[in-house]
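Computed from heavy atoms alone, side chains included, the values below leave out hydrogens, waters and symmetry copies. Labels below follow one simple rule: chain letters A, B, ... track the order of the sequence lines, proteins then strands, and each chain is numbered from 1.
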2 protein chains.
Amino acid sequence: MTPFDSARARLEGHIDRQGMKHTRQRVQILEVFISARHVTVEELLRAVQEAAPATGAATVYRTLKLFVEAGIAHERNFGDGQARYELAMDDEHHDHLICLDCKVIFEFEEQEIESCQAVVASRHGLTLRSHRHEIYGSCDLREACPRWPAS
Amino acid sequence: MTPFDSARARLEGHIDRQGMKHTRQRVQILEVFISARHVTVEELLRAVQEAAPATGAATVYRTLKLFVEAGIAHERNFGDGQARYELAMDDEHHDHLICLDCKVIFEFEEQEIESCQAVVASRHGLTLRSHRHEIYGSCDLREACPRWPAS
DNA sequence: ATGAATGCAAATAGTTTGCACCTAA
DNA sequence: TTAGGTGCAAACTATTTGCATTCAT
């Protein structure tokens with residue numbers, strides 16, 4: 001089962017369960033979304049419009065919300081004013097490390113940090129619900145940079 | 001030296017260094033800002049207008065940016081669509097724990113998490129520059145909640 | 001047939017900017 | 001005097017919404 005198939009299965013299940021309809025657009029948007037990482041609505045819209053030029057921005061916004069409700073996408077905000085979406089795979093969790101120089105986005109998972117968080121929450125009498133953790137760094141556009149020697 | 005005095009000193013220094021001007025509005029906004037925590041522009045504007053009704057929103061936006069440049073304020077975004085600002089005190093750092101039920105914002109500092117982050121960054125060849133870490137939890141509006149038994 | 005989804009355009013919300021007037025230095 | 005600041009309104013950006021039309025069921 002490819003990522004597309006399992007995401008689609010989950011989406012169709014959600015659509016059926018909610019008495020919604022299966023549409024061409026929803027599948028087309030999912031197809032493009034699957035092979036993208038941390039896409040903005042604008043990027044996704046442009047890509048979708050290459051196959052289906054009539055697609056409207058509102059549909060992409062609405063469909064991404066649907067993906068989030070169906071549990072196949074996460075919304076992210078990296079502080080540049082526009083939301084980004086990424087595929088939500090089963091029981092996988094990660095946070096992000098963003099390079100301020102070359103804008104590369106890495107994903108990381110640090111069990112030690114994860115467990116600290118529950119402690120912090122309970123210390124204040126709260127039950128941990130979710131979190132958001134982004135680390136910003138610099139690659140100085142040197143060899144270590146995945147885009148080196150990009151402009 | 002009160003927090004207001006040291007913030008004001010730093011602001012005036014920045015203003016002088018940049019050849020800017022000292023204005024009534026900047027001091028008035030600082031006065032209100034000092035005694036607020038995680039304020040939105042709207043909240044700050046309303047409070048400032050109680051003392052100086054003619055103050056415009058643009059001035060508050062511009063002044064908060066100035067505060068950030070002067071190093072006396074941090075901009076925060078807790079995902080509700082509007083920026084919040086808080087006083088930046090010397091060599092103090094903290095992250096946030098937000099209650100999804102009662103909206104209380106706690107501050108926390110966890111040295112273990114801090115040091116993990118540099119490791120994560122270097123693991124990917126980056127130098128740590130900054131980070132953003134928010135933990136979201138629930139108080140279930142019970143006794144532990146600082147606003148209990150609020151509505 | 002009929003109700004939900006789409007696409008467009010208009011509406012919002014938060015923030016920024018242009019510009020005439022004001023004010024600190 | 002004069003550059004920088006302010007206040008207002010208009011512009012902008014990302015996103016949402018109203019509505020007539022289209023499409024899935």
Counting just side-chain N and O atoms, does B/Y61 come under 4.0 Å of either OP1 or OP2 of C/dT16?
no

Report, as a single string ordered 5' to 3', how protein heavy atoms within less than 4.0 Å touch nucleotides 4-13 of chain C: B base, S sugar-phosphate only, - not at all.
SSBBB-----

Using only atom types and a distance under 3.5 Å, with no angle test, would you say the side chain of A/E43 pairs donor to acceptor with the backbone of A/T40?
yes

Roughly how many Å is it from CZ in B/R46 to P in C/dG14, rounded to a whole number?
11 Å

Which side-chain N or O atoms in residues 30-37 of chain B pair as donor and acceptor under 3.5 Å with protein atoms at least two apart or in another chain?
from: B/S35; atom 1: OG; to: B/V32; atom 2: O; distance (Å): 3.3
from: B/R37; atom 1: NH2; to: B/E107; atom 2: OE2; distance (Å): 3.4

When you measure from the side chain of A/T2 to the backbone of A/D5, do you find a donor-acceptor pair of N or O atoms at a distance under 3.5 Å?
yes

Regarding B/E134 and A/H131, is there a side-chain donor-to-acceptor distance under 3.5 Å anywhere?
no

For A/H38, is there any backbone N or O sitting under 3.5 Å from a side-chain donor or acceptor partner on A/R84?
yes

Regarding A/R129 and B/S138, do their side chains bring together a donor and an acceptor under 3.5 Å, going by distance alone?
yes

Only counting residues at least two apart or in another chain, list the ones meeting ring-ring contact (aromatic ring centres under 6.0 Å, His included) with A/F108.
A/H133

B/E42 CD to C/dT15 C1', in whole Å, measures 13 Å

Need two values: the first and the last nucleotide of DNA chain D, 5' to 3', having an atom under 4.0 Å from any heavy-atom of chain B.
D/dA3 to D/dC8

Separation of atom CG in B/D16 from atom P in C/dA24, rounded to whole Å
15 Å

How long is the span from the NE2 atom in B/H14 to the CZ atom in B/F67, to the nearest 0.5 Å?
11.0 Å

Qualifying ring pair (Phe, Tyr, Trp, His ring centres under 6.0 Å) pairs with a residue from residues 68-87 of chain B, counting only residues at least two apart or across chains
B/F78-B/H96

Evaluate A/E42 against A/R46 for salt bridge (Lys or Arg N to Asp or Glu O under 4.0 Å), listing each step before the verdict.
CA-CA 6 Å; A/E42 198 193 351; A/R46 254 205 301 276; 3.2 Å; yes

Based on the rotation axes of five pairs at each end, what angle does the helix from C/dA1-D/dT25 to C/dA25-D/dT1 bend through, to 10°?
20°

